[in-house]
Asks: 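Here it is: the structure, laid out below.
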Amino acid sequence: MRCGPAQRSAVRRGQVQSRDVYRGTCPAPQHCGAGSLTERSYSPGAGPVDMSPEAFFPESPAEAWETHRSWLVPDFLDAETRIVNSAIQTWVLRSEGKTILVDTGVGNHKERPYAPVWSHLNTNYLDNLARAGVRPEDVDIVINTHLHIDHVGWNTYLDGRTWVPTFPNATYLMAKVDFDYWNPANEIKTMFGRGNQNVFEDSVTPVHEAGLTHLWEGSYQIDRNLRLDLAPGHTPGSSVLTLDSGSDRAVFVGDMMHNPVQIVEPDANSCFCEDPAEARASRRKVLSWAADNNVLVVPAHLGGSGAAEVRRDGDKFAIKSWAAFSPYAQS
């Protein structure tokens with residue numbers, strides 16, 4: 001089941017009560033060793049997305065939200081309104097002397113006619129990165145796990161009337177299949193439709209024309225610690241980033257999971273998945289591997305601690321432990 005007009009209108013209405021917050025550090029050495037994840041940076045922040053569980057995750061069993069209510073509330077579900085909570089965030093990694101960003105959020109000053117909550121923002125994203133010790137010129141690699149509106153926005157910024165790369169010394173890693181799929185020149189009819197309007201033109205084309213993109217296929221080894229692999233379904237080029245550094249293991253899964261209810265109910269897609277069957281298969285594959293190998297699962301949009309280790313629970317999965325990342329802090 002996919003998003004119908006009613007569900008998509010919730011995004012267009014844009015009732016997100018976003019706030020600007022700065023990164024939290026990870027005090028747990030098992031996940032913050034050399035070559036591994038160091039911190040998270042947010043923009044525009046976290047809050048309700050004006051979508052109920054039934055609208056956002058139409059395949060999820062209604063009873064799952066009640067069964068797991070004790071830990072879904074308040075970070076992932078609003079107790080009073082039953083509206084799903086979500087975060088927009090960038091993960092900052094440092095590996096082999098390089099500074100790496102995983103996804104770049106929504107961006108400022110973007111024209112988003114079908115997502116007004118993300119239109120013409122003026123957030124302090126770059127200040128948040130600075131608090132994490134990152135200047136735009138310091139970034140070596142930008143990873144876009146996929147090319148949706150809320151994952152590529154800070155690829156560029158507005159300089160006068162021109163969109164220019166925010167991170168001028170970085171290589172922007174994008175899956176070629178997603179690049180081709182979302183390129184309006186190819187006139188592909190997507191499920192997301194006009195929800196991604198203007199995104200390719202203002203957040204992808206400028207970095208590509210600047211010669212900063214690397215369009216990878218299949219898998220891509222970034223360094224000894226980090227590897228990208230395709231995990232299609234949410235989009236054709238959705239990817240996961242695996243971190244494997246000594247005893248440290250994590251997998252950044254992008255929008256494979258928007259909410260931890262998709263861990264305990266792995267067949268429950270969001271309504272924004274381009275290929276629902278592929279999305280379910282990719283999710284089960286990654287969660288199975290993570291459960292069997294004690295791997296930290298790091299989705300793009302989780303608030304709270306932001307990540308979790310998982311275990312098998314029959315033919316499903318369960319939360320084994322939450323990560324030790326600091327909660328949101330107001331900037």
Side-chain angles (χ1 to χ4, degrees), residues 1 3 6-7 9-11 13-28 31 40-89 91 105 117 150 234 252-273 283 287 290-291 296-314 316-331:
M1 189 173 183
C3 297
Q7 288 81 10
S9 69
V11 178
R13 288 197 301 273
Q15 300 301 314
V16 176
Q17 299 172 4
S18 61
R19 57 195 173 110
D20 292 311
V21 286
Y22 64 86
R23 62 48 178 167
T25 58
C26 177
H31 295 307
R40 64 206 291 208
S41 180
Y42 309 88
S43 180
V49 295
D50 200 30
M51 295 181 75
S52 67
E54 294 77 16
F56 206 153
F57 307 99
E59 299 170 343
S60 64
E63 61 270 18
W65 296 90
E66 295 305 316
T67 300
H68 304 292
R69 180 184 176 88
S70 63
W71 55 263
L72 286 170
V73 173
D75 290 326
F76 314 113
L77 183 69
D78 187 286
E80 294 184 4
T81 64
R82 287 195 78 253
I83 295 298
V84 174
N85 288 330
S86 188
I88 303 294
Q89 56 197 356
W91 293 95
V117 69
D150 52 333
H234 183 63
F252 297 80
V253 300
D255 281 2
M256 179 180 289
M257 282 158 269
H258 288 80
N259 188 285
V261 82
Q262 293 175 281
I263 295 174
V264 297
E265 295 290 342
D267 291 330
N269 289 324
S270 79
C271 65
F272 298 108
C273 291
R283 190 178 306 111
L287 285 173
L296 186 70
V297 178
V298 190
H301 294 298
L302 292 198
S305 60
E309 291 184 349
V310 302
R311 61 176 175 82
R312 290 185 180 271
D313 183 16
K316 298 181 181 180
F317 302 91
I319 307 293
K320 183 166 66 174
S321 63
W322 295 103
F325 295 105
S326 300
Y328 296 124
Q330 194 78 19
S331 63

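All values below come from the heavy atoms of this structure, side chains included, with hydrogens, waters and symmetry mates left out. Sequence positions, counted from 1, serve as the residue numbers for this chain.
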Asks: Determine whether a donor-acceptor pair (N or O, by modelled atom type, separation under 3.5 Å) exists between the side chain of E309 and the backbone of A323.
Replies: no

Asks: Would a distance-only check, ignoring hydrogens and angles, find a side-chain to backbone donor-acceptor pair under 3.5 Å from Q262 to H258?
Replies: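 At least one qualifying donor-acceptor pair exists.
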
Asks: Nearest heavy-atom pair of N259 and N85: which atoms, and what distance?
Replies: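 In this case the closest contact between N259 and N85 is ND2-O, 4.4 Å.
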
Asks: Kindly compute the distance separating CG (D50) from OG1 (T81), expressed to the nearest 0.5 Å.
Replies: 8.5 Å

Asks: For the side chain to side chain contact (heavy atoms under 4.5 Å, CB included) test, which of V73, L72, T67 pairs with R69?
Replies: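 Answer after filtering V73, L72, T67: V73.
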
Asks: What heavy-atom pair brings G306 and P299 nearest, and what distance separates the two atoms?
Replies: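 It is O-CD, 3.8 Å.
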
Asks: How many angstroms lie between SG in C273 and CZ in R283, if you round to the nearest 0.5 Å?
Replies: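 Rounded to the nearest 0.5 Å, the SG-CZ separation comes to 6.0 Å.
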
Asks: In sequence, state the C-alpha distance, the side-chain angles, and the governing distance for E265 and F57, and then conclude on side-chain contact (heavy atoms from CB on, under 4.5 Å).
Replies: CA-CA 10 Å; E265 295 290 342; F57 307 99; over 6 Å; no

Asks: Sequence neighbours left out, what passes side chain to side chain contact (heavy atoms under 4.5 Å, CB included) with R311? Give chain and number order.
Replies: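 Only D313, A318, K320 meet the side chain to side chain contact (heavy atoms under 4.5 Å, CB included) criterion with R311.
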
Asks: Between atom SG of C271 and atom CZ of F56, what is the distance when rounded to the nearest 0.5 Å?
Replies: 6.5 Å

Asks: Looking only at heavy atoms, which two atoms of P53 and V84 are closest? And how far apart?
Replies: N-CG2, 3.8 Å

Asks: Look up atom CG in L287 and atom CE in M256, then write down how far apart they are to the nearest 0.5 Å.
Replies: 7.5 Å

Asks: Measure the acute angle between the ring planes of F76 and W71, then classify it against the limits of 30° and 60° as parallel, tilted or perpendicular.
Replies: perpendicular

Asks: Would you please test H301 and D150 for side-chain contact (heavy atoms from CB on, under 4.5 Å) and show each step?
Replies: CA-CA 10 Å; H301 294 298; D150 52 333; 3.1 Å; yes

Asks: Write down the atom of M257, the atom of I263, and the distance for their closest heavy-atom approach.
Replies: SD-CG1, 3.5 Å

Asks: Check for a donor-acceptor pair, side chain of E59 on one end and backbone N or O of N269 on the other, with a separation under 3.5 Å.
Replies: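 Present.
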
Asks: Can you tell me how far the OG atom of S52 sits from the CG atom of L77, to the nearest 0.5 Å?
Replies: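 Reported value, rounded in 0.5 Å steps: 9.5 Å.
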
Asks: Determine, stepwise, if the pair M51 / S86 fulfils side-chain contact (heavy atoms from CB on, under 4.5 Å).
Replies: CA-CA 10 Å; M51 295 181 75; S86 188; over 6 Å; no

Asks: With rounding to the nearest 0.5 angstrom, report the CH2 to CG distance, W322 to L302.
Replies: 6.5 Å

